[in-house]
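Counting starts at 1 for both ligands and their atoms, following the listed order.
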Amino acid sequence: MKHLIAPSLLAADFTHLAKAVELVNDSQADWFHLDVMDGRFVPNISFGMFIIKQIKAIAKKPLDVHLMILEPEKYIEQFAEAGADVITVHYEACPHIHRTIAQIQATGAKAGVAINPGTPVSVLEDVLEDLDMVLLMSVNPGYGGQRFIYRTINKVQALKEQLAIRNLDKLIEIDGGVGLQNAEALLKVGADVLVAGSSVFKADDPVKAIERLKEIGKGSLLV
Ligand code: DX5
Ligand code: ZN
């Protein structure tokens with residue numbers, strides 16, 4: 001499968017949010033990545049369904065909603081109604097992860113499960129068949145612009161192997177510190193979706209930055 005690029009709007013200029021949405025609409029990006037933070041599961045607060053609903057009204061690509069919140073099961077229907085196409089919850093925030101995956105899928109959205117850098121891939125063993133996507137955090141969640149943790153490459157490899165052994169076709173998404181400096185290595189070991197915040201929106205030319213991330217593997221990468 002050709003890899004997907006999901007720019008994270010967290011790194012965009014929120015005084016010109018519509019402009020950032022249009023930029024992604026008109027780029028080669030595949031999804032919008034939307035980071036919801038509650039100030040409890042992570043030390044930062046971002047935005048919620050109110051903003052997501054407004055983004056949905058002008059977005060021309062799927063919304064990939066990353067819930068970095070405690071008790072996400074309380075809000076899943078609301079995020080689905082706001083327009084989320086993929087809803088990802090954190091394994092660390094869900095004591096009943098099997099039930100929460102089913103709850104997400106019942107809304108019609110795809111279900112993602114995220115794990116923090118300190119959580120091993122093996123905890124997902126008993127839900128790998130049920131979920132649609134695994135999000136491997138390559139930074140500790142809470143902020144954009146952090147440094148990529150290289151051990152994530154091994155985790156992608158381990159997860160990819162597990163999926164292959166069990167003949168499962170699930171998406172692997174990587175989030176945090178992703179840019180041209182590590183994207184190729186991630187894709188080589190089996191990543192399917194790359195989230196990119198700062199490497200896109202802090203670039204001089206965000207559209208070009210997306211294009212470059214998209215072109216990796218085509219053999220035409222001009223860095
Ligand atoms: C981190 C968020 C990320 C973040 C990525 O907690 O989940 O999606 O926005 O931003 P960069 O690419 O700047 O690390
Ligand atoms: Zn995210």
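Residue-level proximity to ligand 1 for Pro141 is carried by backbone and side chain together, each with a heavy atom below 4.0 angstrom.
The contact set between ligand 1 and Leu10, taken as ligand atoms under 4.0 Å from a residue heavy atom, comprises 9 (O). Of all the atoms in ligand 1, the ones that sit under 4.0 Å from a non-hydrogen atom of Tyr143 are 1 (C), 6 (O). Those atoms of ligand 1 that come under 4.0 Å of a heavy atom in Ser198, given as number and element, are 11 (P), 12 (O), 13 (O). Near Met37, the atoms of ligand 1 lying under 4.0 angstrom from a non-hydrogen atom of the residue are 6 (O). Heavy-atom contacts of Gly177 reach the following atoms of ligand 1: 11 (P), 12 (O), 14 (O) (cutoff under 4.0 Å). Near His33, meaning under 4.0 Å from one of its heavy atoms, ligand 1 places the atoms 8 (O).
Other residues, nucleotides and ligands place no more than 12 heavy atoms under 6.0 Å from the NZ atom of Lys19. Heavy-atom contacts from other residues, nucleotides or ligands closer than 6.0 Å to CZ of Arg40 number 12 or fewer. The 12-atom threshold is not exceeded at NZ of Lys53, counting heavy atoms of other residues, nucleotides or ligands nearer than 6.0 Å. Residue Lys61 qualifies as enclosed at atom NZ: its count of foreign heavy atoms under 6.0 Å is above 12. With a 6.0 Å radius and a threshold of 12 heavy atoms from other residues, nucleotides or ligands, Tyr91 has its OH atom at or below the threshold.
Around the Zn ion (ligand 2), the protein atoms of type N, O or S that sit closer than 2.8 Å are His33 NE2, Asp35 OD1, His66 ND1, Asp175 OD2.
Relative orientation of the His90 and Phe41 rings is tilted, given thresholds of 30° and 60° on the angle between their planes.
When side chains are defined from C-beta on, Asp132 does not count as touching Leu171, because their heavy atoms never get closer than 4.5 Å.
By the criterion of side-chain heavy atoms lying less than 4.5 angstrom apart, applied directly or through intervening Ile, Leu, Val, Met, Phe, Trp or Tyr residues, Leu159 is grouped together with Ile174 in one hydrophobic cluster.
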